[in-house]
Number of protein chains: 2
Amino acid sequence: MGASKTHIFSLVQNELAQAAKVLAHPARIAILEYISRQENCICNDLVDVIGLSQPTISQHLNEIKKIGLLKGTFEGKNLCYCINQERWEELQYSFNAFFSNINQNCC
Amino acid sequence: MGASKTHIFSLVQNELAQAAKVLAHPARIAILEYISRQENCICNDLVDVIGLSQPTISQHLNEIKKIGLLKGTFEGKNLCYCINQERWEELQYSFNAFFSNINQNCC
DNA sequence: ATTTTATATTGCAATATTACGATAAAGCTT
DNA sequence: AAGCTTTATCGTAATATTGCAATATAAAAT
């Protein structure tokens with residue numbers, strides 16, 4: 001097969017997994033960290049900073065965008081990507097809820 | 001190519017990505033949630049509860065074990081997997097640190 | 001000792017991800 | 001308009017992941 005059987009899991013489980021998948025690549029972690037340190041983010045910087053090709057960076061940015069973590073606005077000739085604060089906090093809350101719901105009395 | 005260029009990223013970035021990768025499948029989310037709800041975990045239950053074949057469940061459990069999230073001990077004839085509390089909290093801390101380090105003054 | 005039960009491993013097919021060169025598109029600059 | 005810069009898309013190759021049938025292993029029960 002190869003494809004995940006997403007239909008046998010709950011929406012919440014699938015959404016958390018989907019979010020985790022976006023964080024499951026060091027380039028995307030690095031991109032998010034970099035954007036968060038900048039006032040503005042010019043994409044071309046990322047190519048230099050991260051050390052991957054421009055198409056690859058573009059693809060990674062797209063993955064991050066897909067789950068709503070980035071807002072993009074144009075500013076002069078360069079595209080300015082920024083963290084979507086609301087979505088970011090939503091995910092932070094989801095991960096934290098997941099990690100907090102653990103029963104300790106076993107073994 | 002196809003393989004991730006892990007060597008161009010920091011240890012912390014790679015480790016967080018690695019942990020996220022384990023959470024990046026709804027079956028593994030479901031397995032962790034299920035284990036956390038039980039006093040003991042008999043693996044064979046998981047096959048029924050999750051709805052994937054025994055070899056597939058075994059593989060997923062192995063992925064979870066690889067990053068140290070499970071402790072396993074034998075109890076009678078059944079293997080008992082449990083959440084490794086220390087490691088769990090470590091990851092919770094890592095994710096939370098990542099999510100908390102976001103600069104808001106952009107766009 | 002043989003059977004039963006539970007878990008792990010192997011091998012393989014289907015699909016997904018990662019990466020990049022080539023090229024396209026879109027907006028400035030002149 | 002022509003050229004420059006920046007980002008997106010296409011096409012393709014390499015690798016990784018997901019899933020299961022078949023089989024192996026290991027412990028418990030008979």
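Chain A is the first sequence line, chain B the second, and so forth, proteins listed ahead of strands; every chain is numbered from 1. These values consider heavy atoms only, across backbone and side chains, with no hydrogens, waters or symmetry-generated copies.
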Does T56(A) put a side-chain nitrogen or oxygen below 4.0 Å from OP1 or OP2 of dA19(C)? no
Among the nucleotides dG19(D), dT7(D), dT9(C), whichever has the atom closest to the side chain of Q54(A) is dT7(D)
Intermediate values then yes/no, ring-ring contact (aromatic ring centres under 6.0 Å, His included), Y93(A) and W88(A): CA-CA 9 Å; Y93(A) 181 83; W88(A) 188 262; over 10 Å; no
The criterion is side-chain hydrogen bond (donor to acceptor under 3.5 Å, both in side chains); which residues satisfy it with S53(A), sequence neighbours excluded? T56(A)
Rounded to whole Å, how long is the line connecting atom CG of D48(B) with atom P of dT5(C)? 14 Å
I29(B) to A17(A) - nearest heavy-atom pair and separation: CG1-CB, 4.3 Å
Please report, rounded to the nearest Å, how far the P atom of dA6(C) is from the CG atom of D45(B). 9 Å
If you check every side-chain atom of S58(B), which of dG19(D), dT9(C), dC20(C) has the closest atom? dT9(C)
Whole Å only: how far is the CG atom of L52(B) from the C1' atom of dA21(D)? 15 Å
Between C1' of dT9(D) and CG of L61(A), the distance in whole Å: 14 Å
Could you state the atom-to-atom distance from CG of N62(A) to C1' of dT6(D) in whole Å? 16 Å
Rounded distance in Å - CG (L46(A)) to P (dC20(C)): 14 Å
So, does H60(B) get its side chain near the phosphate of dT17(D), meaning an N or O under 4.0 Å from OP1 or OP2? no
Show the nearest heavy-atom pair for residues F9(A) and N14(A), with the distance to one decimal. O-ND2, 3.4 Å
Any donor-acceptor pair under 3.5 Å linking the side-chain atoms of Q92(B) with those of S100(A)? yes
Of all the choices, dT9(D), dT18(C), dA19(C), which nucleotide is nearest to the side chain of R28(A) once you look at every atom? dT18(C)
To the nearest Å, give me how far apart NE2 (H25(A)) and P (dT17(D)) are. 11 Å
Closest non-hydrogen contact found for L52(A) with I57(A) is O-CG1, 3.8 Å
I'd like a table of atom pairs between the protein and nucleotides 10-12 of chain D - only N or O on both sides, under 3.5 Å - with the distance next to each one.
none

State the CD-CD1 distance between Q38(B) and I83(B), to the nearest 0.5 angstrom. 11.0 Å
Interface residues of residues 14-22 of chain A with DNA chain C (non-hydrogen, below 4.0 angstrom): K21(A)
Tell me: CD1 of I31(B) to C1' of dG19(D), nearest whole Å? 13 Å
Determine the minimum heavy-atom distance between N101(A) and S36(B), stating which atoms define it. O-OG, 3.4 Å
Kindly give the heavy-atom pair with the smallest separation between A19(B) and L91(B), and that separation in Å. CB-CD2, 3.8 Å
